[in-house]
Amino acid sequence: MSTTPRATEADIALLLEGTYPFVSGGVSSWTHQIIQAHPELRFALVFLGSRRTDYTEMRYTLPPNVVHLETHFLHDDTCTRAAPPRPRPGNAAAFADIDALHHAFRHGTTVAPATVHAACAHLKPGGALPEADFHHAEAAWQRITEHYRQHCADPSFVDYFWSVRIMHRPLWQLARIADQLIPARAYHSISTGYAGFLGALLTHATGRPLILTEHGIYTKERKIDLFQSEWISDNRNAFQRDPTELSYFRQLWIRFFEWMGRLSYDAAGPIISLYEANRARQIADGAPAARTQVIPNGVALDRLAPLRTQRRTDGPPVLCLIGRVVPIKDVKNFIRAMRSVRTRLPEAVGWIAGPLDEDPTYVAECRNLIDSLGLGEAVRLLGMQRIDALLPKVRLVVLSSISEALPLVVLEAFAAGVPCVSTDVGACRELIEGQDAADRALGHAGAVVGIANPQALADAALDLLASPARWQAASEAGVRRVEARYSDALMFQRYRAVYDAALSPTLAKEPQA
């Protein structure tokens with residue numbers, strides 16, 4: 001852990017998993033916006049990362065109203081053993097509370113608030129379930145072996161044992177973080193997962209309110225990651241394995257993140273999503289409907305609107321993917337689409353603007369694909385770029401992702417008068433085509449195509465580029481839509497109301513005993 005304290009207390013503690021201020025991109029940009037938009041509030045930042053080596057330097061200069069920053073790395077091997085473990089029975093009541101929680105979440109039954117509070121209290125320093133009991137108590141061994149016999153569909157007990165240990169170990173570190181964090185009047189987690197679990201621990205310990213904002217649905221995104229992970233074992237032989245089923249250990253990790261999501265939803269209010277479909281997903285995943293609401297992203301119109309008059313009309317048409325070069329953005333889909341675009345429009349070029357350091361292996365695969373398709377200098381990886389300098393040079397913004405929420409880059413493109421072609425993910429269809437009747441009447445600001453269909457992506461882009469009238473209509477529709485519904489001023493106004501409600505003295509309550 002590293003800490004940069006400047007104050008002894010804060011108004012809002014932001015709980016950030018794998019994002020701001022060490023990672024560039026949509027969620028981090030949004031976080032930076034929110035902090036700067038509320039200069040009268042003091043923010044504390046709690047950054048949770050995987051390993052220290054994954055986050056080398058801060059990508060943002062912290063605003064002056066950030067009064068505290070601490071960083072924690074949940075999967076660094078920091079375990080030091082002062083003495084050999086000693087026999088210990090474990091607290092039967094504490095293990096029973098954890099069992100009840102797991103059982104309720106496994107079977108989708110309602111959990112009593114007292115049970116949730118008790119389970120959280122057991123993990124904190126001095127609680128009834130210390131980390132040493134989880135590692136070495138007889139009660140822990142009994143439960144692990146019992147659950148293995150009852151539920152595990154993989155023949156390897158060793159892999160099961162270590163999977164359970166690895167996934168649960170950060171919970172005690174989070175409990176220590178919650179115990180030592182400087183006082184805050186309210187907590188704001190920008191995801192469920194480990195950050196949301198930390199928020200649940202904090203609100204149960206202090207009685208202070210927890211705000212939860214999900215840009216994407218954390219459990220859904222972790223499922224995508226787990227589907228692609230190669231480090232998760234599947235020890236079944238050819239006769240035991242059903243190729244249509246996920247391996248048991250993937251299911252185990254998915255259930256674990258769903259369990260933490262339920263705990264986060266149980267503790268939080270309000271529970272904010274970026275668009276209606278994600279709010280429905282939150283409710284389906286266990287969020288109380290009455291506590292959910294939608295606050296869309298917004299962009300700085302005053303800064304971006306002047307870019308419309310700076311648009312270049314000379315040179316080749318530029319199609320630009322703006323985003324991290326990682327598998328979830330399906331950059332390879334964009335590269336393959338550019339091969340088709342170039343067949344019919346040889347002067348077109350493709351730019352990929354976004355950080356290149358998150359997944360070097362995937363970046364290398366993208367470079368190899370560019371070379372193998374003979375695209376050479378026609379498709380370039382630019383690395384991070386200033387959006388203000390980039391958009392006036394771009395004819396179309398292209399999103400080829402397999403998962404998105406409400407991407408800021410689409411709104412920024414619209415504000416600058418640039419149409420967008422996107423896969424049908426997240427809120428992209430309602431951004432491009434409109435949400436309700438009044439919104440749809442503004443017109444289409446581009447085109448939407450299916451996931452992982454490079455030919456459809458290319459065809460949609462070519463249709464817009466081939467017709468100046470169609471391109472101009474899409475540009476004007478995007479401008480109208482972003483000005484009517486997605487300004488940063490409107491977003492800040494809505495979050496100001498959320499923060500005012502959370503900081504109201506009437507909401508503060510004593511921690512539960």
Side-chain angles (χ1 to χ4, degrees), residues 50 74-109 111-112 114-179 193-194 197-198 200-201 204 226 229 231-237 240 246-263:
S50 50
L74 303 181
H75 297 294
D76 274 345
D77 187 9
T78 57
C79 181
T80 56
R81 187 172 296 166
R86 58 179 178 80
R88 51 205 308 145
N91 186 303
F95 276 100
D97 285 336
I98 300 298
D99 282 346
L101 203 59
H102 275 286
H103 182 272
F105 289 158
R106 178 181 288 274
H107 297 284
T109 55
V111 186
T115 301
V116 177
H117 176 70
C120 291
H122 293 329
L123 300 178
K124 67 182 182 181
L129 183 52
E131 186 174 3
D133 277 13
F134 172 70
H135 287 304
H136 307 301
E138 181 181 350
W141 173 259
Q142 289 173 345
R143 279 159 175 79
I144 288 175
T145 54
E146 179 182 342
H147 290 174
Y148 172 76
R149 286 191 295 265
Q150 289 180 354
H151 305 296
C152 188
D154 190 290
S156 172
F157 174 73
V158 172
D159 284 343
Y160 177 80
F161 176 84
W162 286 107
S163 293
V164 171
R165 277 206 170 190
I166 290 167
M167 67 176 55
H168 285 83
R169 179 180 167 188
L171 303 188
W172 280 269
Q173 184 178 355
L174 294 169
R176 291 190 292 272
I177 295 168
D179 187 62
Y194 292 112
F197 183 79
L198 174 59
L201 292 173
H204 279 287
L226 291 166
S229 296
W231 57 269
I232 299 177
S233 301
D234 184 352
N235 300 295
R236 300 170 295 173
N237 62 39
Q240 296 168 320
L246 284 175
S247 73
Y248 177 80
F249 291 122
R250 281 186 168 81
Q251 295 177 32
L252 186 66
W253 277 98
I254 288 169
R255 286 197 300 270
F256 176 70
F257 286 121
E258 289 174 342
W259 177 79
M260 287 202 295
R262 286 281 302 277
L263 280 171

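Residues: numbered from 1 along the sequence shown. All values below were derived from every heavy atom in this structure, side-chain atoms included, with hydrogens, water molecules and symmetry-related copies excluded. A quick note: this is a predicted structure, and the numbers were derived from the prediction, not measured.
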Discussion item. Set out, in order, the CA-CA distance, both residues' side-chain angles and the distance that settles side-chain contact (heavy atoms from CB on, under 4.5 Å) for L201 and F197, then state yes or no.
Written reply: CA-CA 6 Å; L201 292 173; F197 183 79; 3.5 Å; yes
Item to complete: Applying side-chain contact (heavy atoms from CB on, under 4.5 Å), run through L171 and M260 and close with a yes or a no.
Response: CA-CA 10 Å; L171 303 188; M260 287 202 295; 4.0 Å; yes
Practice prompt. Check step by step if side-chain contact (heavy atoms from CB on, under 4.5 Å) holds for L123 and L174.
Written response: CA-CA 9 Å; L123 300 178; L174 294 169; over 6 Å; no
Item to complete: Any chance you could lay out the side-chain contact (heavy atoms from CB on, under 4.5 Å) test for Q173 and R169, step after step, and finish with the verdict?
Response: CA-CA 7 Å; Q173 184 178 355; R169 179 180 167 188; over 6 Å; no
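Atom SG of C152 sits about 12.0 Å away from atom CD1 of I144, to the nearest 0.5 Å. Atoms CD and NE2, on E146 and H151 in that order, are 7.5 Å from each other to the nearest 0.5 Å.
Note on ring orientation: taking the six-membered ring where Trp is involved, the planes of H117 and H204 are tilted (angle from 30° to 60°).
At least one test fails for R262 against the ring of W259: distance under 6.0 Å to the centre or angle within 45° of the axis.
Heavy atoms only, all atoms of each residue included: A93 and N91 are closest at N-OD1, 3.0 Å. Across M167 and Y194, no two heavy atoms sit closer than the pair O-OH, 3.8 Å. When all heavy atoms of R88 and P130 are compared, the closest pair comes out as NH2-CG, 4.3 Å. Nearest heavy atoms, D133 versus A140: O-CB, 3.5 Å.
For the pair I166 and W253, the minimum side-chain heavy-atom distance is below 4.5 Å. Under the 4.5 Å side-chain criterion, counting only non-hydrogen atoms from C-beta, W162 is in contact with V158.
Two rings, from F95 and H122, have their centers 6.0 Å or more apart.
Under a 3.5 Å cut-off, the side chain of H168 and the backbone N or O of V164 do form a donor-acceptor pair. No donor-acceptor pair closer than 3.5 Å links the side chain of R176 to the backbone N or O of P125. The closest donor-acceptor contact from the side chain of W172 to the backbone of L129 lies under 3.5 Å.
Residues satisfying the ring-ring contact (aromatic ring centres under 6.0 Å, His included) criterion with Y148, sequence neighbours excluded, are F157, Y160.
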